Number of protein chains: 2
Amino acid sequence: MDIDKVFKALADPTRRRLLDQLHSESGQTLTALCEHMDMSRQAVTQHLQQLEEANLVAIVWQGREKLHYLNPVPLHEIYTRWIEKFEHGRLDALHNLKQRLEGDDNDKT
Amino acid sequence: MDIDKVFKALADPTRRRLLDQLHSESGQTLTALCEHMDMSRQAVTQHLQQLEEANLVAIVWQGREKLHYLNPVPLHEIYTRWIEKFEHGRLDALHNLKQRLEGDDNDKT
DNA sequence: TTGACATGCAAGTAAATGCTTGCATATTAT
DNA sequence: ATAATATGCAAGCATTTACTTGCATGTCAA
């Protein structure tokens, strides 16, 4: 699992919107997805390719139609590898930062 | 909170490494952070600026030294706004996808 | 006060990114 | 068989991104 590809895929608002579309309705075709987007079909294709390479979207061919399915596993991976880790001691970190900031400006107890 | 800036800030491996550095030791100066990185000080500065604009890092000036602190709140925001949402029904989604894939190749019940 | 240290500012550049357009291919429907 | 539909491939282009280098500024210490 290339976590860098996942982060890069998520970095673009259009791609996040595509994920949202697939979340609201699973298995949409390329043209169906294009209808919500204000850009050429090729642009959407290229975004979907990046999502596919990041394993965030899985493709199923059905005749000439290309169906898109959301795969939430990489998102979960980001959670366990990145968010959970920093979440740990979240309140402590904020508390320490706050104290440091306050101590820098005044001597509030 | 500009979630796009957060995603974009996280999209770069160098910036994620900087966050890791700050996670392992809080309140490091710019030069301290530079020691771990294989690029010019200015490059690191620019990365840290993006992290700051995304609110992932908070700065505290102490004389001529610039101390960097990690702020985990935006990460938590990503979790609640993006991951949790897709997490919901994670197993279902996988199950459906699997069924669809199997149904496409054979007629397994 | 002078020199060393920590950082900022800004211009320049190579590579990556997002998008378009034109044409090609494969599948379905009439 | 032919036309319409769904998609792919590839070249081209403008913008953004990551990085460097050179110089300027502010702070601390001898």
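Everything quoted here is computed from the prediction, not taken from an experiment. Chain identifiers are assigned alphabetically (A, B, ...) following the order of the sequence lines, protein sequences preceding nucleic acid strands; residue numbering begins at 1 within each chain.
- A pairwise comparison of heavy atoms in A/H68 and A/L22 identifies O-CD2, 3.5 Å as the closest pair.
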Protein and nucleotides 25-30 of chain D: nitrogen or oxygen contacts under 3.5 angstrom:
from, atom 1, to, atom 2, distance (Å)
D/dT27, O2, B/R64, NH1, 3.1

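- Heavy atoms only, all atoms of each residue included: B/L19 and B/L70 are closest at O-CD1, 3.1 Å.
- The main-chain N or O of A/L10 is found under 3.5 Å from a side-chain atom of A/R16 such that the two form a donor-acceptor pair.
- Annotation: salt bridge (Lys or Arg N to Asp or Glu O under 4.0 Å) contacts involving residues 38-67 of chain A, sequence neighbours excluded, are absent.
- Out of C/dT7, C/dC19, D/dA18, the shortest distance to the side chain of B/T29 is found at C/dT7.
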Could you list all N or O pairs between the protein and nucleotides 8-10 of chain C that sit under 3.5 Å apart?
from, atom 1, to, atom 2, distance (Å)
C/dG8, OP1, B/K66, NZ, 2.8
C/dG8, N7, B/R41, NH1, 3.0
C/dG8, N7, B/Q42, NE2, 3.2
C/dG8, O6, B/R41, NH2, 2.9
C/dC9, N4, B/Q42, OE1, 3.1
C/dC9, N4, B/Q42, NE2, 2.9

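- Computed from coordinates, the B/R15 CZ to D/dT17 P distance equals 9 Å when rounded to whole Å.
- Looking only at distances, a side-chain donor or acceptor of A/R17 sits under 3.5 Å from a matching main-chain atom of A/H36.
- Listed for the A/R81 side chain is no donor-acceptor partner under 3.5 Å among the backbone atoms of A/I3.
- Using a 4.0 Å heavy-atom criterion, one finds that A/T31 contacts the sugar-phosphate atoms exclusively.
- For A/S40, no side-chain nitrogen or oxygen approaches OP1 or OP2 of C/dC19 to under 4.0 Å.
- We find that CD of B/E65 is positioned 13 Å from P of C/dC5, with the value rounded to whole Å.
- Between A/I59 and A/L48 there is no side-chain heavy-atom pair separated by less than 4.5 Å.
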